[in-house]
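A quick write-up on the structure given underneath.
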There are 2 protein chains.
Amino acid sequence: MSNNQFKRGELYSVINGMASTAVARRLQKNFRQAGLEITIEQWSVLYHLWKEDCLSQQELCNRTFRDKPSITRLIDNLEKQKLVRRMASKSDRRINLVCLTESARELQERTIDLANQTMNEALLGISREEIDTVKQVLQKVYDNLV
Amino acid sequence: MSNNQFKRGELYSVINGMASTAVARRLQKNFRQAGLEITIEQWSVLYHLWKEDCLSQQELCNRTFRDKPSITRLIDNLEKQKLVRRMASKSDRRINLVCLTESARELQERTIDLANQTMNEALLGISREEIDTVKQVLQKVYDNLV
DNA sequence: TTTGAATAGTTGCATAGCTAACTATATGTC
DNA sequence: GACATATAGTTAGCTATGCAACTATTCAAA
C-alpha cells in the first residue's frame, strides 16, 4: 500500500467522520439546550420544506440524500410531533405530499438563530474561496460515485 | 434570513449528506459484491487497527470520532465475527485492548484494492491542492466546534 | 384493453448512533 | 488509609440508516 493511497484513506476518514458529525452534534446540542425536542435529521427534512413546502417523499429523498424507508420513518416521527402532514396528491394517487403545519413554521423562527450561530462558529476563520472549493470538491466526489 | 446564511446552510447540507454517504455507500456496495460481510463502520475500525494494533476502546473512539457505546457494540460485532479480540491491559485493569485476529489481517489484503479503487473513483478529476484545501477546511470546522 | 415495466411508498430486519445511568478501576488529596 | 473525583467500559432506550421484499398506482406497448 503506497503512501499516497493511505493519504486518500485519511481523506475518506475526514469526510466521513470529523466535520459532519461535529457540525451535527453541535447543532443537536444547541437544539436540546434550547428545549427543542427535535433531532438533527428531522430538522434537515424541515429545512428543505421551509425552502419549498409540500414536497413528495421521493423529492425529500433526493434533496436529503436519504433512501425511501428512512424518509418514510422520519415523516412518521414528524407527523407524530404534528410538525408535518401527509396530503394525498390529486394528480397521482401514489404520491404523498408532505406539508408543514403551523407549529413547524413557528419552529423555523426558533431554529434560525441556532443554525446560523452554529454555522458561524463552524466556519470561523474559513474564507469564501475555501468554502467554494470544498463545495465543488464534495460535489465532484458525489458526481463521481452516483 | 440573509442569502449568505442560507448558503451556509447548503454547505452544512453538503458536508453532512452528499459526499460522505456517497463514498460510504459505494465502498459498502463494493464489499458486498466481493462477498465480504462487513459493514463500512466495522471496516473503519479495522482500518485504524491495521495502522496500529491493540488500541484501547477509548483510543478507537478518538480516532473514529464515535462515542463509547458505539465502539462497544462495534467491537461486540467484530468479536462475533472473530475479527478482533478484547485483551485485558496488564497496567490498567479498566482498559480493554482491541487486537486483530489472523482473519482480520487476511481481510486487510482483500479490502485494500476495493478501498483504493473506490477512492480513485471518488477523487477522479480532483487535484492534490483541492484535496489539501478540503482537508484543511474540514479540520478547521472540527477544531472550531470540538 | 390487457399486460408488463416503472414509480411511490411501507414494512421487517439488522446495524449503528446518541444520551443517560450504571459498574469497576485508578488517582489525587486530606 | 479514606474519600472524592476522574476515567474505561457496559447497558438500556430511543432514533436513524440501509437493504430486501412487498403493495398500490401509473404508464406505455402489444
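Naming convention: chains lettered A, B, ... in sequence-line order (proteins, then strands); numbering from 1 in each chain. Model, not experiment: these values are computed from the prediction.
Taking atom CG of A:Asn77 as the reference point, atom P of D:dT17 lies 10 Å away to the nearest angstrom. In this structure, A:Ile75 atom CD1 and D:dT17 atom P are separated by 11 Å, rounded to whole Å. B:Leu55 places its CG atom 13 Å from the P atom of D:dA8, with the value rounded to the nearest Å. Straight-line distance from the CG atom of A:Asp76 to the P atom of D:dT15: 11 Å, rounded to whole Å. Taking atom CD1 on B:Ile40 and atom C1' on C:dG17, their separation rounds to 16 Å, with Å as the unit. Rounded to whole Å, atom P of C:dG9 lies 15 Å from atom CE of A:Met87. One atom, CZ of B:Arg73, and another, C1' of C:dT15, lie 11 Å apart when rounded to the nearest Å. Straight-line distance from the NZ atom of A:Lys68 to the C1' atom of D:dA16: 18 Å, rounded to whole Å.
For the residue pair B:Gln139 and B:Asp143, a side-chain donor N or O sits within less than 3.5 Å of a side-chain acceptor on the partner. No side-chain donor-acceptor contact under 3.5 Å links B:Ser89 and B:Asp92. Residues A:Gln58 and A:Asn62 bring a donor and an acceptor atom of their side chains to less than 3.5 Å of each other.
Both A:Gln28 and A:Asn96 lie near DNA chain C, and the one whose nearest nucleotide falls closer to the 5' end is A:Asn96. Taking the nucleotide of DNA chain D with the nearest heavy atom to each of B:Ser56 and A:Ile71, the more 5' of the two is matched to B:Ser56.
Distance from the side chain of A:Gln57 is smallest to C:dT10 among C:dT10, C:dA26, D:dT10. Set against C:dG17, D:dC19, C:dA6, the side chain of A:Asp67 has D:dC19 as its closest nucleotide. Residue B:Thr72 has its side chain nearest to D:dT11 when only D:dT11, C:dC18, C:dT10 are considered. The listed nucleotides are C:dG12, C:dT7, C:dT10; the one nearest the side chain of A:Arg86 is C:dT10. Listed candidates were D:dG18, D:dG9, C:dC18. Nearest to the side chain of A:Ser70 is D:dG18. Here D:dT17 is the nucleotide among D:dT17, D:dA6, D:dG9 with the atom lying nearest to any side-chain atom of A:Leu74.
The shortest non-hydrogen separation linking B:Ile38 to B:Phe31 is CG2-CD1, 3.8 Å.
B:Thr39 comes within 4.0 angstrom of the backbone, heavy atoms only, and of no base. Residue-level contact check: A:Arg93 touches the backbone only, with heavy atoms under 4.0 Å from sugar-phosphate atoms and none from bases. Counting non-hydrogen atoms under 4.0 angstrom, A:Arg25 reaches the backbone sugars and phosphates but no base. As judged by a 4.0 angstrom heavy-atom cut-off over every strand, A:Asp92 is placed among residues touching the sugar-phosphate backbone only. Using a 4.0 Å heavy-atom distance criterion, B:Gln42 is classed as a sugar-phosphate-only contact.
The neighbour count for B:Glu102 CD, taken as heavy atoms of other residues, nucleotides or ligands under 6.0 Å away, is above 12.
For D:dC19, the OP1/OP2 oxygens have a side-chain nitrogen or oxygen of B:Arg32 closer than 4.0 Å.
Checking side-chain atoms of A:Arg85 against main-chain N and O of A:Cys99 turns up no donor-acceptor pair under 3.5 Å.
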